[in-house]
Number of protein chains: 2
Amino acid sequence: MSAVTLSQVAREAGVSLATASRVLNGSDRRPAEHIAERVRNAAETLGYVANAQAQALARSTTGLVGLVVHDIADPYFSSIAKGVQRRARADRRQLLLAATDGTDQLDAVAAFAAHRTDAIIMAGSRRREIDPRLLAELTRYQKNGGRVVTIGQAWLEGAGSVTIDNRGAGAGLTDMLIRAGRTRFAFLGGPEELASAAERRAGFYWALERAGLTAEAELTEGFNSQGGYEAARGLLERLGPDAVRGLTVVVGNDVMALGAIAGFRHAGLLVPDDLWVAGFDDIPNLRDFSPGLTTVRFPLEQIGEAAADIALSHDEVRIQHVVGEIVRRESA
Amino acid sequence: MSAVTLSQVAREAGVSLATASRVLNGSDRRPAEHIAERVRNAAETLGYVANAQAQALARSTTGLVGLVVHDIADPYFSSIAKGVQRRARADRRQLLLAATDGTDQLDAVAAFAAHRTDAIIMAGSRRREIDPRLLAELTRYQKNGGRVVTIGQAWLEGAGSVTIDNRGAGAGLTDMLIRAGRTRFAFLGGPEELASAAERRAGFYWALERAGLTAEAELTEGFNSQGGYEAARGLLERLGPDAVRGLTVVVGNDVMALGAIAGFRHAGLLVPDDLWVAGFDDIPNLRDFSPGLTTVRFPLEQIGEAAADIALSHDEVRIQHVVGEIVRRESA
DNA sequence: TTGAAAGCGCTAACAT
DNA sequence: ATGTTAGCGCTTTCAA
């Protein structure tokens, strides 16, 4: 990575380092136009590309923002990432992306801290019990002037946040279904350590209880398509096809719900003919799916943008709350 | 972004800067264990986090790899990104991600060059006619020691590449369909400037021609779900529902194919009852889709990994060719 | 084995 | 308005 340096440009243009810096890399002081011209020409002919590392060192700010997601191939996270990216680019910031597959959030945060990102956005599924080392790392990062924004819940003191009303979504969705006349329910959820999974489940039970109903079954699997598939098969195994017929199955998220529908279908049960299924998020690929999945919409890209906005804003740390919107389609 | 510096650690430990550097941030020279211990303790109590920018400046290598995609929310690209990320992490590299929405690849590359990424992976849809400024920027980047890897086609001299056999896939898929007895075809494709779109289309026509067949229609729309939907509606408008019935519709990629199927469905035409549809890529969310989509599988995550592998490998630039595998499902 | 010191490329006081 | 120069935090050669 050798490259043309500023001083080479300065020499070529016959000006000082400082002048070259001023014309090439913004400054409030504007050198005379004829000299600026000379510098620009020199830069052009030499092929100068500013060294962001050196600038970062000198300016003590990197223009980097870090995003931690669980799985970038999951439409939930990739939609959020798209929003973050868009907002970051509007500010000419670069995005450092880490996909953690769940475990090594700590590594990712440490790497971001080392790279002195100006902000870190945590979209990774928050575990209910947060690794104290992760907490310590983030806290230190904040103490050093870094801004952190959490998506989902506001689980870090001093951090900005875009909170998602998972519990309300679970309750609202279930409630709507009950009012639509449904009485027989089951829940397929993700690991209870995932806060969002746990909250959606809690909302589900809260609505059920309020209506004097009880769930006929609950299964827990991975918070992904495969998990949904397995949960569906597990439900069938546990209850038998006859009992599953007529059930309204609330599933922890859309990706998992699609997997569950596939699982039921492979067992010969069709949604919405034999049973009903609903999910959460309203991920973009739902659009092409048939039957249309009843779900609770969270505007994922906007959530990403909002998180980036908080991360990049210079005023006080904000917490923004997002409430889902129930979208009724054919599946339930 | 103030933070504890190495010299603070060195002072605290009562050793020189050099020694502290050697124990904390790897080196072939290993200080005595008892002194290393002291340094590590000092770093721990002070909360030292190495400054990657400073290290980059001193070492003249950043440990960054840049990835340019078209749309990170598109499963094609997010799957590739997942593979790249995985491989990068195995090398403890950080991933700089840019989503370009098609146009500003140049900006993205310039930013990566400024950040002195060790490598740049271009997964963005390559336009047939490459912006000469983009070419110039990448060439300069290479001249300065940066490695670039292109995914799709090998369109940059001196760059590594994971090439995708789009033409072969188009021909193979169509050929298979013809041998299965299909005679009436249509093609729904993406913009002709996109190299992959154009190649798949070329393969389609090549196979058709060889069999003495001609396409009954061809439409071009956006290379995404929405484009597929519109193309389907357009096809219906052009040919009328009766002529569309019995058609085998080859679509430029899976995302677009799913959109097309939805478009047909909304018009009352069901796949595979009324017509057939096939796509390309075998994106992961196909798994839950019904009817199962006949497609040509390209191992997206592996392609990403391979690209990263070439980008990070120290030996000569490699070009790896990936041939698709036809996956026959219910849709065609 | 350990330390001193010269950079790495740039910015921003401070001088002129 | 332009130039000089002292860092920014770290690595690495060269001496000790």
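Naming convention: chains lettered A, B, ... in sequence-line order (proteins, then strands); numbering from 1 in each chain. Side-chain atoms are counted along with the backbone in the values below, which use heavy atoms only and exclude waters and symmetry mates.
Sequence order on DNA chain C of the closest nucleotides to B/Leu17 and B/Ala58 puts B/Leu17 first from the 5' end.
For B/Ser21, the listed nucleotide lying nearest its side chain is D/dT12; candidates were C/dT11, D/dT12, C/dG9. Closest contact between the side chain of A/Arg59 and the listed nucleotides D/dC10, C/dT11, D/dT4 involves C/dT11. With C/dA5, C/dA12, D/dT2 as the choices, the nucleotide that has an atom nearest any side-chain atom of A/His34 turns out to be D/dT2. Closest contact between the side chain of A/Gln55 and the listed nucleotides C/dG9, C/dA13, C/dT11 involves C/dT11. Here the nucleotide nearest the side chain of A/Ser16, chosen from D/dG3, C/dG3, C/dC10, is D/dG3.
Atoms CG (B/Leu6) and P (D/dC8) sit 14 Å apart, rounded to a whole Å. Computed from coordinates, the B/Leu24 CG to D/dG9 C1' distance equals 13 Å when rounded to whole Å. If you take CG of B/Leu57 and P of D/dT12, they are 12 Å apart, rounded to a whole angstrom. Separating the CD atom of A/Gln53 from the P atom of D/dC10 is a distance of 14 Å, rounded to the nearest angstrom. Per the geometry, CD belonging to B/Glu37 stands 18 Å off C1' belonging to C/dT1, to the nearest Å. Nucleotide C/dG7 holds its C1' atom 14 Å from the CG atom of A/Asn51, rounded to whole Å. Distance CD (A/Glu33) to C1' (D/dA1): 14 Å, rounded to an integer number of Å.
Annotation: A/Glu129, atom CD; neighbour count of heavy atoms from other residues, nucleotides and ligands within 6.0 Å does not exceed 12. Within a 6.0 Å sphere centred on CD of A/Glu44, heavy atoms belonging to other residues, nucleotides or ligands number 12 at most.
Across all strands, B/Ala50 comes closer than 4.0 Å only to sugar-phosphate atoms, never to a base (heavy-atom distances). Across all strands shown, A/Ile35 has heavy atoms under 4.0 Å from sugar-phosphate atoms exclusively, and none from any base.
Under the 3.5 Å distance criterion, the side-chain polar atoms of B/Ser7 are left unmatched by any main-chain donor or acceptor of B/Ala10.
Between the side chains of A/Thr117 and A/Tyr141, at least one donor N or O sits under 3.5 Å from an acceptor N or O. Defined by atom type and a distance below 3.5 Å, a donor-acceptor pair is missing between the side-chain atoms of A/Ser196 and A/Asn166.
A/Thr19 has a side-chain polar atom (N or O) that falls below the 4.0 Å cut-off from OP1 or OP2 of D/dG3. Residue A/Thr5 has no polar side-chain atom (N or O) positioned under 4.0 Å from OP1 or OP2 of C/dG9.
Shown here for B/Gly304 and B/Val84, the closest heavy-atom pair between the two residues is O-CG2, 3.3 Å. Minimum interatomic distance between B/Gln320 and B/Arg318 (heavy atoms only, all atoms of both residues): OE1-NH1, 3.7 Å.
Among pairs with a residue in residues 54-74 of chain B, those fulfilling salt bridge (Lys or Arg N to Asp or Glu O under 4.0 Å) read A/Lys82-B/Asp71, at least two apart in sequence or across chains.
One donor-acceptor pair, N or O on each side, does fall under 3.5 Å between the base of D/dG3 and the side chain of A/Arg22.
Pairing analysis of DNA chain C (Watson-Crick: purine N1 to pyrimidine N3 plus N6-O4 or O6-N4; G-U wobble: N1-O2 and O6-N3; both under 3.5 Å) yields stems of 3 or more pairs at C:1-16 with D:1-16.
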